[in-house]
Chemist: 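Before I ask anything, let me first share the structure, which is written out below as structure tokens.
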2 protein chains.
Amino acid sequence: MAQPRPERKRPGSIRQVAELAGVSIGTVSNVMNSPHLVAEATRLRVEEAIRATGFVRNAAARQLRGIPSTVVGCVLLDLSNTFFAEVARGIEDRLAEDGCVAVLCSTDVKQERERHFLRILQETRVRGVIINPVDPDGGDFTELPDRGTPVVLLDNRSDHRQLCAVTVDNVAGGMASCGHLLDLGHRRIALLCADADVRSVMDRAEGVRKAVLAGGLDPDRVLFEIPLDPPRNRGSADAAIEQAVTDPEPPTAFLCFNDTVAATLLAGLHRRGVAVPGDVSVIGYDDVTFAGALFPPLTTVRQPKYEIGRAAAELLLSESEPDHLHREVVFAPELVVRQSTGAPPEHPRAL
Amino acid sequence: MAQPRPERKRPGSIRQVAELAGVSIGTVSNVMNSPHLVAEATRLRVEEAIRATGFVRNAAARQLRGIPSTVVGCVLLDLSNTFFAEVARGIEDRLAEDGCVAVLCSTDVKQERERHFLRILQETRVRGVIINPVDPDGGDFTELPDRGTPVVLLDNRSDHRQLCAVTVDNVAGGMASCGHLLDLGHRRIALLCADADVRSVMDRAEGVRKAVLAGGLDPDRVLFEIPLDPPRNRGSADAAIEQAVTDPEPPTAFLCFNDTVAATLLAGLHRRGVAVPGDVSVIGYDDVTFAGALFPPLTTVRQPKYEIGRAAAELLLSESEPDHLHREVVFAPELVVRQSTGAPPEHPRAL
DNA sequence: ATGAAAGCGCTAACAT
DNA sequence: ATGTTAGCGCTTTCAT
């Protein structure tokens, strides 16, 4: 029973399988796509031949015949950012359920990179593109739908455009964060805002103000903004502390717009012997993995990252359905109270 | 000059471009692939037609003609693990330099998932696959090279197989970690090993023993293993502390096999009022982003994650070269001394 | 139940 | 310098 050795340098083609099984290529195709049309005996013979030749069907050839691609493009800002990494996992998992797979692209917020990736994705004729655009109001992605590539917006609303979108209610997140501090009795709050130009961050800031207003207080008295120059700069949290300390009316709480900033802040506070939450409270945003492992465990606002990813993939997949309607999914952020927040000290000591 | 409206539901085909420009499809192809063969005037006309039709070349059709795919498969254990996320960024960036793009797949260490992904990647006829296999000694990935899909191993040596591979010298990493503690004078060290079954972790453990031996000491007296059951279990660091404290000869240092465990440990120690590094030292592994933001900033062993990714992509890309030789790239881990380690206390107090 | 053949969009070899 | 054409691997009618 000498079988042909499968050691050819490429997967066998459908023709080789047909020859080996003594049938036509049409029949081989039917074995794979419409087995019920094929006689049992023939089917078995063909299946054996497939195994023997190491045949793997060629997606490119199928695609040319009109079968939709199984690859989906994802254009994110930065995969090494844990927010996006977890979103990506959600996308991946949902896609896998439908036998699809994701190409992940990080733009680093550069139009040029975004354009480059979108070009490749279009050439590949991906099933669709999930994108957190560099510029929500412009950029090449707006043309994709016209050219037949479905687009799902991530972390951006669709505005006037007619697209599917997945977002988190950042205004609500900002409100929850600030509301928590207000509830605890804080009336002087420092805002540490990194990446103040990004839409989601701006929304959070808006929510923060709203919370103050809702409490019948004056944002300009309560809030106290400390910009964090060079984004993600290590030293900047220290500078922020300095600025807070020297303020005539020092804050009793720090509201950070992401957990990394909060972590750096916490470390700086420790170093100066400032007790958290005894002397000051600290709240973060994101609920990254290590948030609970900090000291003290960080109170923060959780974004359902994984679910966001799943939802985006779900929407993308649904674009192929005949009766598809563009939808917008909005997730609610969730306040996670741990131990870095508490009531302001009754007798504030100098920081 | 009424231009045809580009609003067709798919990118124009090469034929439409040819018609609009009044040339043959061969000429259009030449404009894109061998512009020097085409007269200036014709070229301009064709380029204009490309723009007008919104034409984007079809990678599937090209692939069928033998042009290699621009997509590379990456099969990792878990993209939401920051180690892999950063490796992925390295891969992504290096691939982009050659106009390629990566499909990222997380196996969650499940053979079944790995098999599924490898099948799709083969069907897609990816340029090659970069893989951190679930089981280095078996699994479907071993067949890929025979079927013409180049494979680069990640975080695994190629052993007898003939493959390219990128690894970190984990034995050296373990030695560096333990050596540092030994140099500081520690003679009783608790080992917190998560995922003890994973190859890279086993290698680190080996390095740790080697360091002790190299110092002329007895591993069985110095080392003190605390297994962390349910991998990544939150509570387990606390249990570890408990176990360490109640030991007749309590450790003066904790050596953790990853930073997340170290972070949890640090938090637990703080809670008990144990000073780090005053009472005990703590060392991590990986140097994740937040390691420097912990309190105290964590001494750890850095893996050049991004560079590992770049190297893997580099190797994968080089597989297409005619005179390719399989290579193995080994990176050296680097000890990053911060403030969680110090000399053991002269008069150890009870933890 | 199976086979024959057209054609998806493109490249490259050949012809003009 | 440009056009013509075969064929990559497959799916899908249409015949048989």
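Convention: sequence-line order gives letters A, B, ...; per-chain numbering from 1.
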Chemist: Any side-chain N or O of B:S13 below 4.0 angstrom from OP1/OP2 of C:dC8?
Modeler: no
Chemist: Any side-chain donor-acceptor pair under 3.5 Å between A:D78 and A:S80?
Modeler: yes
Chemist: For B:S24 and D:dT2, is the shortest distance between a side-chain N/O and OP1 or OP2 below 4.0 Å?
Modeler: no
Chemist: Is a salt bridge present between A:D93 and B:R113, judged by a nitrogen-to-oxygen distance below 4.0 Å?
Modeler: yes
Chemist: From C-beta outward on A:R65, which listed nucleotide comes closest to its side chain: D:dC8, C:dT11, C:dC8?
Modeler: C:dC8
Chemist: Less than 4.0 angstrom between a side-chain N/O of A:N58 and OP1 or OP2 of D:dC10, yes or no?
Modeler: no
Chemist: If the cut-off is 4.0 Å, is A:R62 near the phosphate of D:dC10, judged by side-chain N/O to OP1 or OP2?
Modeler: no
Chemist: Using atom CD of A:Q63 as one end and atom C1' of C:dG7 as the other, report the distance to the nearest whole Å.
Modeler: 16 Å
Chemist: Taking the minimum atom-to-atom distance to the side chain of B:A39, which one of D:dT2, D:dC8, C:dT2 wins?
Modeler: D:dT2
Chemist: Is any side-chain N of the basic residue among B:R43 and B:E47 closer than 4.0 Å to the acidic one's carboxylate O?
Modeler: yes
Chemist: If you only use heavy atoms from C-beta on, which nucleotide in C:dC8, D:dT2, C:dG3 is closest to the side chain of A:T27?
Modeler: C:dG3
Chemist: From the set D:dG3, C:dG3, C:dT11, return the single nucleotide nearest to any side-chain atom of B:S29.
Modeler: C:dT11
Chemist: I want to confirm an ordering. Mapping B:A61 and A:V23 to their closest nucleotides on DNA chain C, which one lands closer to the 5' end?
Modeler: A:V23
Chemist: Hey, which of B:I131, B:L76, B:L77 is the one that makes side chain to side chain contact (heavy atoms under 4.5 Å, CB included) with B:L154?
Modeler: B:L76
Chemist: Applying a 4.0 Å non-hydrogen cut-off, can you work out what A:G26 is touching in the nucleic acid: base, sugar-phosphate, or nothing?
Modeler: base
Chemist: Starting from P on C:dG9, measure out to CZ on A:R125 and report it in whole angstrom.
Modeler: 9 Å
Chemist: Considering heavy-atom distances to DNA chain D, does B:L64 or B:H36 have its closest nucleotide positioned more toward the 5' end?
Modeler: B:H36
Chemist: Give B:N33 one of three labels, base, sugar-phosphate or nothing, depending on what nucleic acid heavy atoms sit under 4.0 Å from its own.
Modeler: sugar-phosphate
Chemist: Looking only at the side chains, is there a donor atom on one of B:T53 and B:Q16 sitting less than 3.5 Å from an acceptor on the other?
Modeler: no
Chemist: In whole angstrom, what separates A:L37's CG from C:dT2's P?
Modeler: 10 Å
Chemist: Starting at atom CE of A:M32, determine the distance to atom P of D:dT12, rounded to an integer number of angstrom.
Modeler: 11 Å
Chemist: Rounded to the nearest Å, what distance is computed from the CZ atom of residue A:R15 to the C1' atom of nucleotide D:dC10?
Modeler: 10 Å
Chemist: For the pair made of CD1 in B:I14 and P in C:dA12, what is the distance, rounded to whole Å?
Modeler: 11 Å
Chemist: What is the separation between atom CD1 on B:I25 and atom P on C:dA12, rounded to the nearest whole Å?
Modeler: 13 Å
Chemist: Could you give the CG-to-P distance, from B:N30 to C:dT11, as a whole number of Å?
Modeler: 9 Å
